[in-house]
Peer 1: 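What follows is a structure written as structure tokens; I'll ask about it next.
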4 protein chains.
Amino acid sequence: MSAKRHCSVDFLTYESERDNGKIECSTYDKLIKTAIMVMSEVGYKGMSIGILADMVGISKSTVIHYFKSKEGILLAVMENFLPAYIDEFKPVLNNKSLDGVTKLNKFVHFHMKMVAERKDVLSINIKDGKFLTGKSRTVYQQQQRLYGQQVVRIIQQIQSEETNLFKDLDPHVTAKAIMGMCNHACVWYKKNDILTGR
Amino acid sequence: MSAKRHCSVDFLTYESERDNGKIECSTYDKLIKTAIMVMSEVGYKGMSIGILADMVGISKSTVIHYFKSKEGILLAVMENFLPAYIDEFKPVLNNKSLDGVTKLNKFVHFHMKMVAERKDVLSINIKDGKFLTGKSRTVYQQQQRLYGQQVVRIIQQIQSEETNLFKDLDPHVTAKAIMGMCNHACVWYKKNDILTGR
Amino acid sequence: MSAKRHCSVDFLTYESERDNGKIECSTYDKLIKTAIMVMSEVGYKGMSIGILADMVGISKSTVIHYFKSKEGILLAVMENFLPAYIDEFKPVLNNKSLDGVTKLNKFVHFHMKMVAERKDVLSINIKDGKFLTGKSRTVYQQQQRLYGQQVVRIIQQIQSEETNLFKDLDPHVTAKAIMGMCNHACVWYKKNDILTGR
Amino acid sequence: MSAKRHCSVDFLTYESERDNGKIECSTYDKLIKTAIMVMSEVGYKGMSIGILADMVGISKSTVIHYFKSKEGILLAVMENFLPAYIDEFKPVLNNKSLDGVTKLNKFVHFHMKMVAERKDVLSINIKDGKFLTGKSRTVYQQQQRLYGQQVVRIIQQIQSEETNLFKDLDPHVTAKAIMGMCNHACVWYKKNDILTGR
DNA sequence: AATGAATGAGGCTTCATTCAT
DNA sequence: AATGAATGAAGCCTCATTCAT
């Protein structure tokens, strides 16, 4: 019903690449999916409720009806994602029978699996978290810190062990470098790529 | 004259942190400086010409007078930056008397120096290049590719030499991982930090 | 609510001369009516959405809400008008039992009735059609051509008949001269004038 | 020096069709020529000083420097044209030895020659005169009336003579019909057309 | 004669949101 | 669950104009 809206960002295809199966799903789910797709491409500020509505084929009012506000969309995306993403690794971290190198190995695998599976949400998480306001913002920052500290602790464990690894390096910087390497994969990783580059 | 504009992004301070010296400089220069500051914080889409104008203390029309359009600002920021950033490393790359590992070492230092000095412009370059349109866009993409290929060639040189380094790794993926590690520093690096983390 | 806007075109009265009856009608209808009035006076380029909004007593956004864009207004005016205006005369044209002179007579009456009743829309049609863009423009041009060809065909029929009328005249030029004479009435015809001139 | 400005009216070619001879001429003359070209296509309101400046290859300030204001351009175009256009026919009109039909014949030839030679200025005169303000406006209206009355007087002369022509027709309406027929040629007449239509 | 800097006013459009239905 | 009407605020940009040079 709603006329095709002109999208100034030509690298953004309206038809979701993900909907191969065309599985019938609720309006809400369609909205979340589409929001993730759009935001991961053009960012929170670059996304507009109107474009979202057009893509899903509903009216702007309906989008608001589901999420209360634009920030509500960002929040929904993150809430569906963040908690799991933080807690899932804890068991490994706290497993006293594992040495640091093994933990780091596992962590990188864990994190990269997330990149592979949800690089869209992850990049939103990284780039657009700053646009949250109020309480949501505090919660978001807290969670980011907690997640990062996991790696710091692993590095510290490694340094405390017999290896030469990371000797004399600051654990925080090292942790950030490793996270950076992984996270930046959001930018270049392409599904079904056999990681052979291009 | 222009009333202080309400800024919805509360983490963005209007008073430039960089202008300690308050060196008198041209309107154009003030504009570029401010644009870089704002864009590196809230992105191209998050920046508005009105905020820019208010921060510099001129009218919106004057901003347009200098840059023709909003995209013109992004373009100006990148043009002032990109060319140097690409060519400067070439001599090292083409130096036949250097082995791969040394080149990589030098590249990382070179790139990280850039991060340290101009993380603001670099992050704009990475995050907002996609908003260029038309010919500027093509040029931008071309330059990005060229810069990236430098690292790929270094990795390949290393692989062709006697070291075990990067053995059996795809050079493109490896290059991207290294670039990612460096570039991500834009996110966490803070000037005058002794790199002790936080 | 909206302050009376200063109108730079002083010969344009804001209060519609046509709304004698002040019949309550929808916002959309009010908009179309007003747009026709304004455009027929100052042309498409001379009309502004803001003036329109003020005259109808709504906000600029609401005007866009109804027409999507300024060009949408022009389009709506023409679409409400053009189709009828082209098809209505066809039966006469195709009536094989009528001679050319009769047809011409009927056409001029038909066309002048239109001038008398809708000189406003007609003059917009003539003067501002060129500001349509894209597909609308093509459609517009096609329709104009079709309408004009009706007269050409009548002239040709007359020339093929026993009359001396239009002997040796080019039918296209003659048709255009006749249309011109009629259309120009938009400029000087005033309702309720007993056609006594002034 | 000035970047090519985007022109939204695609049927308007920037390169003057008239400048075949590329005769070197003063900036002022170039401006008048260009203004006539542009205004005759898109009207006074559709023309902008910026586009004019770009087309002539000078700055906006220079345009103002020559004409004081935008209305000054319109005025200049009309002043260069109107006086001649009114006075030139007077001798014929006042020639007592000519009968009305001959005068009308001569008038139409005279007027159509003007159309043929200066349809651009004539159409500006007809369509955009209403945008003059102040004293210029009064003068303009006065001149228009005078010119029109010439035809009325010819018609009246014809009616007072022995012909049956225009018998029982209102002279004002008839005059307007004739003027309309002629003037409308501005819309369709194309130079070098052998008037064979299309 | 010609221009660049600067601008206020306004123009079209987008956008997030509210409200009644 | 969903929407259309309506809007205020803001966004980008155009435009005519002024002024100093």
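First the proteins, then the strands, lettered A, B, ... as listed; each starts at 1. If you're wondering where the values come from, they're calculated on a predicted model, not measured in any experiment.
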Peer 1: Whole angstrom is fine here: how far is it from NE2 in His65(A) over to P in dG4(F)?
Peer 2: 14 Å
Peer 1: Just by distance, do the side chain of Lys130(B) and the backbone of Glu41(A) share a donor-acceptor pair under 3.5 Å?
Peer 2: yes
Peer 1: Give the rounded distance in Å between these two atoms: CD1 of Ile58(C) and P of dG8(F).
Peer 2: 11 Å
Peer 1: When both hydrogen-bonding distances must be under 3.5 Å and the geometry is Watson-Crick or G-U wobble, what is dC15(F) paired with, if anything?
Peer 2: dG8(E)
Peer 1: Take the protein atom OH of Tyr66(B) and the nucleotide atom P of dT14(F), then report the distance between them rounded to whole Å.
Peer 2: 18 Å
Peer 1: Does the structure place the NZ or CZ of Lys45(A) under 6.0 Å from the centre of the six-membered ring of Tyr44(B), at an angle of no more than 45° from the ring's axis?
Peer 2: no
Peer 1: With a 4.5 Å cut-off on side-chain heavy atoms, are Ile32(A) and Phe67(A) touching?
Peer 2: yes
Peer 1: What pair of heavy atoms forms the shortest contact from Met47(C) to Val42(C), and how long is it?
Peer 2: N-CG2, 3.9 Å
Peer 1: Measuring to OP1 and OP2 of dA1(F), would you say a side-chain N or O of Thr62(A) lies under 4.0 angstrom away?
Peer 2: no
Peer 1: Could you run through nucleotides 16-21 of chain F and give me one letter per nucleotide, 5' to 3': B if any protein heavy atom sits under 4.0 Å from the base, S if only the sugar-phosphate is that close, - if neither?
Peer 2: BBB---
Peer 1: Mind listing the closest non-hydrogen atom pair of Ile73(A) and Met39(A) along with its distance?
Peer 2: CG2-CE, 4.0 Å
Peer 1: Who passes ring-ring contact (aromatic ring centres under 6.0 Å, His included) against Tyr140(C), sequence neighbours left out?
Peer 2: none
Peer 1: Can you measure Leu52(B) atom CG to dT7(E) atom P for me and round it to whole angstrom units?
Peer 2: 14 Å
Peer 1: Quick one: look up who dT14(E) pairs with, Watson-Crick or G-U, both distances under 3.5 Å, and put none if it's unpaired.
Peer 2: dA9(F)
Peer 1: If I take atom CD1 in residue Ile51(B) and atom C1' in nucleotide dC12(F), what distance separates them, rounded to the nearest angstrom?
Peer 2: 14 Å
Peer 1: Tell me which nucleotide, if any, is Watson-Crick or G-U wobble paired with dA20(F) when both distances must be under 3.5 Å.
Peer 2: dT3(E)
Peer 1: Using a cut-off of less than 4.0 Å, is there contact between a side-chain N or O of Thr27(B) and OP1 or OP2 of dA6(E)?
Peer 2: yes
Peer 1: Could you tell me the separation between the NZ atom of Lys30(D) and the P atom of dA1(E), rounded to a whole number of Å?
Peer 2: 15 Å
Peer 1: Measure the distance from CG on Asp29(D) to C1' on dA1(E) and round it to the nearest whole Å.
Peer 2: 15 Å
Peer 1: Are a donor atom and an acceptor atom from the side chains of Ser136(D) and Glu71(D) found within less than 3.5 Å of each other?
Peer 2: no
Peer 1: Nearest-Å distance, CG (Leu74(A)) to P (dC15(E))?
Peer 2: 17 Å
